[in-house]
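All ligand and atom numbering here is 1-based and tracks the order in the structure.
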Amino acid sequence: MPERNLRLGVPSKGRLAEQAVALLQQAGLNFRRQERSLFARAREIPVDITFLRADDIPVLCAEGAIDMGITGSDLVAEHGVDVVTRLALGLGRCRLSLCVPEDRDFQSLQELDGCRVATSFPNLTAAFLRQHRADPHLVSITGSVEIMVALGVADAVVDLVETGSTLAANRLRILEDIGQYETVLIQSTSCRDTALADRIVRRLQGVVIARSYSLLEYNVARARLPEAEKITPGFHSPTVSSLEDCDWCAVRVMVRQSEVIQVMERLESIGATAILETAISNCRL
Ligand code: PRP
């Protein structure tokens with residue numbers, strides 16, 4: 001028996017915090033957080049949720065202070081820590097970009113030599129600039145990077161871009177992308193209960209897959225089933241059932257949500273009828 005509950009680090013505030021808590025609850029990790037408390041014990045599973053700064057989670061996980069954590073892959077990369085990334089959570093997709101003022105005519109990274117670049121990602125930025133043989137002066141700060149140009153602290157910034165609205169509001173444009181990142185579940189190499197960690201991964205995986213797939217059901221003429229199966233090959237393979245009219249059959253299959261509309265149109269074009277999309281809230285495949 002492990003001597004203590006498994007510790008799972010979760011961001012304590014910001015966009016990531018709300019999304020992470022919603023994901024955990026959908027995966028059956030239910031807990032109640034007392035106001036301002038840093039701990040919450042999950043019901044029916046020996047897991048303690050620890051609320052931490054997203055920025056600290058990679059380091060605390062690498063040090064073994066928490067067994068698992070939810071954080072950004074950008075922060076894992078920035079800290080260069082030795083942790084195992086168990087699962088991409090389908091949240092917080094963003095890119096880290098080098099951005100310059102809209103009204104400055106920078107065309108290449110090398111033109112930034114001698115300029116000041118503000119960022120809260122000094123390690124990733126320095127490695128990127130080295131790789132491209134550019135040599136600006138780095139100004140390392142911990143937040144509100146986007147306003148550093150307006151404040152006269154920097155000529156360019158390296159910051160996360162999700163929708164691009166922060167850039168637009170600050171009259172900045174992307175000169176170069178440094179990398180693409182998203183929210184991930186990480187595990188310490190010294191995790192004390194790997195069987196329980198695997199169980200948490202499976203639970204979260206069920207929700208992550210369910211969120212990105214829909215269940216599609218339709219009827220199609222048996223003669224056109226091979227074509228239908230090409231359009232909807234399914235996760236493993238579609239479920240095909242008989243109908244009273246033996247020239248027809250019913251198909252049930254998982255389809256990527258981003259492709260559902262297109263798939264429905266293609267099924268219609270081969271004569272499929274009664275095409276229904278149902279959301280999946282959880283699954284085990
Ligand atoms: C991040 C990032 C940008 C913003 C980009 O900040 O630092 O400021 O999001 O998103 P957008 O392209 O959709 O505008 P976040 O809100 O996560 O908070 P932070 O300033 O604490 O990093």
Side-chain angles (χ1 to χ4, degrees), residues 8-24 33 36 38 49-61 66 69-81 83 85 87-104 106 109 112 115-129 136-186 208 211-212 258:
L8 173 63
V10 172
S12 53
K13 54 186 177 182
R15 278 185 277 197
L16 208 52
E18 280 171 34
Q19 293 176 334
V21 167
L23 179 70
L24 290 173
R33 184 184 179 185
R36 280 200 287 262
L38 296 181
I49 315 290
T50 312
F51 298 95
L52 301 163
R53 278 174 50 114
D55 199 27
D56 291 334
I57 288 175
V59 176
L60 293 173
C61 192
I66 51 175
I70 292 179
T71 188
S73 58
D74 49 315
L75 297 171
V76 176
E78 173 62 21
H79 290 290
V81 287
V83 293
T85 297
L87 189 64
L89 298 176
L91 301 169
R93 290 202 181 98
C94 58
R95 38 197 186 141
L96 182 68
S97 307
L98 193 146
C99 308
V100 294
E102 280 172 0
D103 58 5
R104 300 269 310 261
F106 291 115
L109 292 171
L112 289 169
C115 292
R116 295 156 305 164
V117 177
T119 184
S120 51
F121 292 88
N123 295 327
L124 288 176
T125 303
F128 175 77
L129 292 170
H137 172 64
L138 281 193
V139 181
S140 182
I141 50 168
T142 55
S144 305
V145 174
E146 62 276 1
I147 62 163
M148 292 302 147
V149 171
L151 288 179
V153 177
D155 304 288
V157 298
V158 168
D159 200 6
L160 296 174
V161 180
E162 195 175 337
T163 61
S165 36
T166 305
L167 284 193
N170 291 281
R171 303 182 58 79
L172 297 168
R173 66 178 167 90
I174 295 175
L175 181 64
E176 290 277 350
D177 281 328
I178 295 181
Q180 303 223 344
Y181 301 99
E182 64 183 312
T183 309
V184 290
L185 175 70
I186 55 173
V208 171
R211 283 180 174 188
S212 55
S258 55

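Checking side-chain atoms of Thr119 against main-chain N and O of Phe121 turns up a donor-acceptor pair under 3.5 Å. In terms of modelled atom types and a separation under 3.5 Å, the side chain of Arg116 and the main chain of Gly152 share a donor-acceptor contact. The backbone N or O of Ala54 sits less than 3.5 Å from a side-chain atom of Thr71, completing a donor-acceptor pair.
Below 4.0 Å from some heavy atom of Gly164 lie the following atoms of ligand 1, by number and element: 11 (P), 12 (O), 13 (O). Atoms of ligand 1 lying under 4.0 Å from any heavy atom of Thr163, numbered from 1 in the order shown and given with element: 11 (P), 12 (O), 13 (O), 14 (O). Distances below 4.0 Å separate heavy atoms of Arg15 from the following atoms of ligand 1: 1 (C), 4 (C), 6 (O), 9 (O), 10 (O), 15 (P), 16 (O), 17 (O). Numbered from 1 in the order shown, with element, the atoms of ligand 1 that lie under 4.0 Å from a heavy atom of Asp159 read 2 (C), 3 (C), 7 (O), 8 (O). Interface of Glu146 with ligand 1, defined as ligand atoms under 4.0 Å from a residue heavy atom, comprises 8 (O).
Contacts of Thr166 with ligand 1, taken as heavy-atom pairs under 4.0 Å, involve both backbone and side chain.
Heavy-atom distances between Ser165 and ligand 1 reach below 4.0 Å in at least one pair.
There is no protein heavy atom closer than 4.0 angstrom to atom 18 (O) of ligand 1. Protein non-hydrogen atoms do reach within 4.0 Å of atom 15 (P) of ligand 1. Distance screen at 4.0 Å: atom 6 (O) of ligand 1 has a protein heavy-atom neighbour inside the cut-off.
Looking at ligand 1, you won't find any N or O of Ser144 less than 3.5 Å from one of its N or O atoms.
Interatomic distance, OG of Ser97 versus CD of Gln180, reported as 8.5 Å (0.5 Å rounding). The distance from the CD atom of Glu102 to the CG atom of Leu172 is 7.0 Å, given to the nearest 0.5 Å.
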Take Asn123 and His79 through the test side chain to side chain donor-acceptor pair (under 3.5 Å) and record every step on the way to the result. CA-CA 8 Å; Asn123 295 327; His79 290 290; 5.8 Å; no

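Within the 4.5 Å cutoff, no side-chain heavy atoms of Ile57 are placed close to those of Ile70.
Scanning both residues, Val158 and Val145, for their nearest heavy atoms gives O-CG1, 3.8 Å.
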